[in-house]
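To keep things clear, I will list the structure first and then write my remarks on it.
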Amino acid sequence: RILRDWMPRLIHVSDFARRILMRESTRYDGVVIPNPIVEVNPEYVNCVANKKFAYVGRVDKEKGVDLFCEAATQIGAEAKVIGSGDELEELKRRYPKIEFLGWQQQKSIPHLLNDVRCCVFPSLWYETAGLTLVEIMRECGIPFIVSSRTASRDLIENNVTGWLFETGNVQSLESGMEKVLDDSVLDGVVSALRAREQKNKVQTCDKYVSQLQNEYERMVESDHEFRR
């Protein structure tokens with residue numbers, strides 16, 4: 001209600017977030033300025049030679065990590081969880097065959113993914129921008145299986161640069177993970193993903209600040225025109 005009453009223009013971190021708000025009112029339309037990432041030289045993982053699936057992020061209920069653990073267990077896949085949160089100890093108890101590494105420094109993540117075949121983003125929430133995906137795909141060249149009702153779905157072309165599964169549906173996730181076990185399927189997706197990442201320009205901090213500043217200046221100018 002507060003936004004509806006006074007907000008003249010919004011800056012969205014993803015087009016997905018913009019579309020969700022637009023369901024409420026066209027007044028929520030606005031410019032999309034993605035969050036920045038640090039530009040690095042890629043060190044690609046040999047995904048096809050690996051067996052493990054991985055989740056990276058907070059281990060809280062809304063993140064759907066239990067779905068990931070259950071799906072990996074049901075198909076007999078090796079899996080690791082990198083991150084901490086309220087659900088960590090319970091998931092450790094329920095899934096003793098899964099490797100839980102707890103919280104790790106950002107700079108350590110690429111090394112910890114060297115034995116990973118594919119990452120999974122199973123969130124139950126909409127989320128906003130999915131920086132974890134952007135950084136891992138860019139730096140490590142590892143594809144993702146992504147929950148279909150999150151902002152991160154916009155980063156994936158299904159069966160081309162990654163895979164989508166039905167949010168909250170463990171059988172759908174199992175099916176997606178089983179696809180990844182096919183070397184030829186994985187190799188094609190990895191190649192397409194890396195070709196896309198090499199072509200895409202990085203949203204650096206400098207670009208981000210410049211885009212924000214330009215948009216703020218437009219907002220101030222529009223506000224002045226409105227008040228005249």
Side-chain angles (χ1 to χ4, degrees), residues 1-42 55-58 60 62-64 83 105-107 109-110 113 119-158 160-164 167 192-228:
R1 183 176 178 182
I2 292 173
L3 289 175
R4 184 171 64 245
D5 290 343
W6 64 266
M7 180 62 73
R9 184 172 173 85
L10 294 180
I11 298 175
H12 303 278
V13 295
S14 68
D15 191 58
F16 181 90
R18 184 190 68 81
R19 295 196 307 268
I20 293 297
L21 281 174
M22 286 280 285
R23 293 177 184 175
E24 299 296 323
S25 171
T26 56
R27 290 190 62 192
Y28 295 160
D29 197 4
V31 65
V32 175
I33 300 180
N35 284 323
I37 64 171
V38 177
E39 190 167 11
V40 297
N41 292 321
Y55 167 82
V56 182
R58 285 192 294 111
D60 293 327
E62 68 273 10
K63 292 296 186 177
Q105 292 186 348
Q106 179 67 31
K107 64 182 180 182
I109 302 300
L113 296 177
C119 289
V120 177
F121 188 77
S123 182
L124 304 175
W125 282 9
Y126 283 144
E127 304 289 345
T128 50
L131 275 182
T132 297
L133 278 78
V134 175
E135 292 167 346
I136 291 174
M137 290 191 296
R138 186 83 186 181
E139 185 169 353
C140 303
I142 299 174
F144 272 79
I145 303 172
V146 174
S147 175
S148 62
R149 292 202 301 268
T150 70
S152 297
R153 66 160 296 139
D154 286 355
L155 302 173
I156 302 296
E157 185 177 354
N158 194 29
V160 178
T161 56
W163 299 269
L164 299 177
T167 299
L193 171 65
R194 294 176 182 180
R196 184 194 73 182
E197 290 301 310
Q198 290 167 5
K199 187 182 299 183
N200 286 351
K201 294 182 179 179
V202 173
Q203 172 76 331
T204 64
C205 288
D206 287 344
K207 290 179 184 177
Y208 177 72
V209 170
S210 177
Q211 290 166 348
L212 280 181
Q213 184 175 345
N214 290 339
E215 189 59 27
Y216 290 156
E217 288 172 352
R218 280 193 288 270
M219 286 181 176
V220 170
E221 184 177 341
S222 297
D223 185 61
H224 287 167
E225 290 293 330
F226 177 76
R227 293 173 185 273
R228 286 176 183 172

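In this structure, the salt bridge (charged side-chain N to carboxylate O under 4.0 Å, His left out) partners of R18, at least two apart in sequence or on a different chain, are D15, D29. Considering only residues two or more places apart in sequence or on other chains, E24 meets the side-chain contact (heavy atoms from CB on, under 4.5 Å) condition with Y28. Shown here are the salt bridge (charged side-chain N to carboxylate O under 4.0 Å, His left out) partners of E62, two or more places apart in sequence or in another chain: R58. Legend: residues meeting ring pair (Phe, Tyr, Trp, His ring centres under 6.0 Å) with Y126, ordered by chain and number and at least two apart, are F16. A search for side-chain contact (heavy atoms from CB on, under 4.5 Å) contacts involving I33 returns I11, V31, Q203, Y208, Q211, L212, E215, not counting sequence neighbours.
The minimum heavy-atom distance linking S123 with S147 is given by the pair O-OG, 2.9 Å. When all heavy atoms of E139 and P110 are compared, the closest pair comes out as OE2-CG, 3.3 Å. Considering every non-hydrogen atom in both L113 and C119, the closest pair reads CD2-SG, 4.3 Å.
Atoms CD1 and OG, from I145 and S152 in turn, are 14.0 Å apart once rounded to the nearest 0.5 Å. Here the CD-CZ distance, from Q198 to R138, works out to 8.5 Å after rounding to the nearest 0.5 Å. Rounding to the nearest 0.5 Å gives a distance of 8.0 Å between CG of L155 and OG1 of T150.
Side-chain atoms of S14 come within 3.5 Å of backbone N or O of T128 as a donor-acceptor pair. Between the K207 side chain and the V202 main chain, a donor and an acceptor come within less than 3.5 Å of each other.
Counting heavy atoms from C-beta on, the side chains of T167 and S148 come closer than 4.5 Å. In this structure the side chain of W163 reaches within 4.5 angstrom of the side chain of P143, judged on heavy atoms. Counting only heavy atoms from C-beta outward, the side chains of R19 and D154 approach each other to under 4.5 Å.
The pair E127-R153 does not count as a salt bridge, with every side-chain nitrogen at least 4.0 angstrom from each carboxylate oxygen.
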Output a table of donor-acceptor pairs, distance under 3.5 Å, between side-chain atoms of residues 129-137 and any protein atom two or more places apart or on a different chain; print 'none' if there are none.
from, atom 1, to, atom 2, distance (Å)
E135, OE1, Q106, NE2, 3.3

